[in-house]
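For reference, the structure is listed below as structure tokens.
Scope of the values below: all heavy atoms of this structure, side chains included, with no hydrogens, waters or symmetry mates. These figures come from a predicted structure and were not determined experimentally.
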Amino acid sequence: MDWQELTNLTRGQPFVVERVRLAGNGVAIEGEFELPQLAQLNVEDQVFVTAFVRCHGSIKEMERIFGVSYPTIKSRLNRIMQMLDFVETDPAPSRADIIDRLRRGEITAQQALSELDGRP
């Protein structure tokens with residue numbers, strides 16, 4: 001069974017994976033595993049995101065593939081974007097990281113205070 005079949009079976013209802021088996025060596029792991037965000041999208045949105053990635057983010061190419069207008073593509077991208085959490089690729093340093101850098105002399109006390117003030 002692939003993800004599309006699983007997504008169709010669940011019809012958008014939340015579910016939890018409780019067992020994972022590694023195909024290469026037969027090891028099974030039991031627990032409660034949350035699906036990756038992209039796997040939680042419905043099948044049509046998964047296909048749309050896959051096409052978008054394969055088109056290198058070209059909305060013009062997406063218009064051609066799906067036969068719809070620019071606003072339609074943008075609207076769908078915005079809708080999907082709202083369903084996905086933003087992945088922070090450059091998270092702010094933790095308080096402990098800032099203090100460690102200060103102790104090592106990598107930043108001044110003023111820089112440390114500035115960074116600590118700028119943290120959320």
Side-chain angles (χ1 to χ4, degrees):
M1 175 183 291
D2 67 14
W3 283 112
Q4 288 181 353
E5 289 177 76
L6 184 58
T7 303
N8 285 333
L9 283 172
T10 59
R11 293 192 175 113
Q13 296 297 311
F15 65 92
V16 175
V17 175
E18 293 184 340
R19 187 165 193 260
V20 174
R21 185 176 54 82
L22 303 175
N25 60 13
V27 172
I29 305 165
E30 292 195 20
E32 192 169 298
F33 308 99
E34 186 175 322
L35 292 175
Q37 288 185 39
L38 293 174
Q40 294 175 30
L41 296 175
N42 67 42
V43 173
E44 292 81 18
D45 287 342
Q46 288 178 28
V47 168
F48 187 84
V49 170
T50 300
F52 188 71
V53 170
R54 290 186 63 109
C55 290
H56 302 277
S58 168
I59 293 178
K60 189 172 277 311
E61 184 67 12
M62 292 291 286
E63 290 177 89
R64 187 188 67 72
I65 290 171
F66 288 95
V68 295
S69 67
Y70 177 92
T72 302
I73 298 292
K74 285 296 285 185
S75 174
R76 188 155 182 194
L77 283 171
N78 287 331
R79 183 180 56 76
I80 293 170
M81 178 189 66
Q82 290 173 354
M83 292 187 278
L84 302 173
D85 293 332
F86 180 73
V87 177
E88 184 63 56
T89 58
D90 189 19
S94 70
R95 181 180 179 88
D97 289 338
I98 295 168
I99 292 170
D100 285 343
R101 288 176 36 228
L102 176 62
R103 282 190 185 131
R104 291 190 304 262
E106 295 174 6
I107 58 174
T108 66
Q110 187 59 42
Q111 288 170 318
L113 286 173
S114 178
E115 285 188 36
L116 289 169
D117 285 344
R119 289 177 58 244

Ile107 and Ile98: CA distance, side-chain angles, deciding distance, side-chain contact (heavy atoms from CB on, under 4.5 Å) verdict:
CA-CA 8 Å; Ile107 58 174; Ile98 295 168; 4.1 Å; yes

Derivation of the side chain to side chain donor-acceptor pair (under 3.5 Å) call for Asp97 and Ser94:
CA-CA 5 Å; Asp97 289 338; Ser94 70; 3.2 Å; yes

Taking it one step at a time, do Leu84 and Leu41 satisfy side-chain contact (heavy atoms from CB on, under 4.5 Å)?
CA-CA 9 Å; Leu84 302 173; Leu41 296 175; 4.3 Å; yes

Please assess Leu38 against Gln46 for the test side-chain contact (heavy atoms from CB on, under 4.5 Å), listing each intermediate value before the final yes or no.
CA-CA 7 Å; Leu38 293 174; Gln46 288 178 28; 5.8 Å; no

Just do the side-chain contact (heavy atoms from CB on, under 4.5 Å) check on Val68 and Glu63 with the steps written out, would you?
CA-CA 5 Å; Val68 295; Glu63 290 177 89; 5.7 Å; no

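Evaluation of the ring pair (Phe, Tyr, Trp, His ring centres under 6.0 Å) rule for Phe66 yields Phe48 as partners, not counting sequence neighbours.
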Validation: residues 54-62 side-chain donor-acceptor distances under 3.5 Å, sequence neighbours left out:
unit_1	atom_1	unit_2	atom_2	d
Ser58	OG	Glu61	N	3.1
Glu61	OE1	Arg64	NE	3.4
Glu61	OE2	Arg64	NE	3.2
Glu61	OE2	Arg64	NH2	2.5

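Between Ser114 and Asp117, the side chains place no donor N or O within less than 3.5 Å of an acceptor N or O (distance only, hydrogens not considered). In this model, a donor atom of one side chain and an acceptor atom of the other lie less than 3.5 Å apart for Ser69 and Thr72.
Hydrophobic clustering of Ile, Leu, Val, Met, Phe, Trp and Tyr side chains at less than 4.5 Å, counting indirect connections, unites Phe52 with Tyr70. Val47 and Ile80 sit in two unconnected hydrophobic clusters of ILVMFWY residues. Membership requires side-chain heavy atoms under 4.5 Å apart, directly or through other members.
Proximity of a side-chain donor or acceptor of Gln40 to a complementary backbone N or O of Leu35 within less than 3.5 Å is detected.
Residues Leu116 and Arg95 have side chains in contact (heavy-atom distance under 4.5 Å, counting atoms from C-beta outward).
The stretch residues 22-46 participates, sequence neighbours left out, in these salt bridge (Lys or Arg N to Asp or Glu O under 4.0 Å) pairs: Arg19-Glu30, Asp45-Arg76, Asp45-Arg79.
Scanning all heavy atoms of the two residues, the minimum distance from Gln37 to Met83 falls at OE1-O, 4.2 Å.
Counting heavy atoms of neighbouring residues, nucleotides and ligands inside a 6.0 Å radius, atom CZ of Arg104 exceeds 12 of them.
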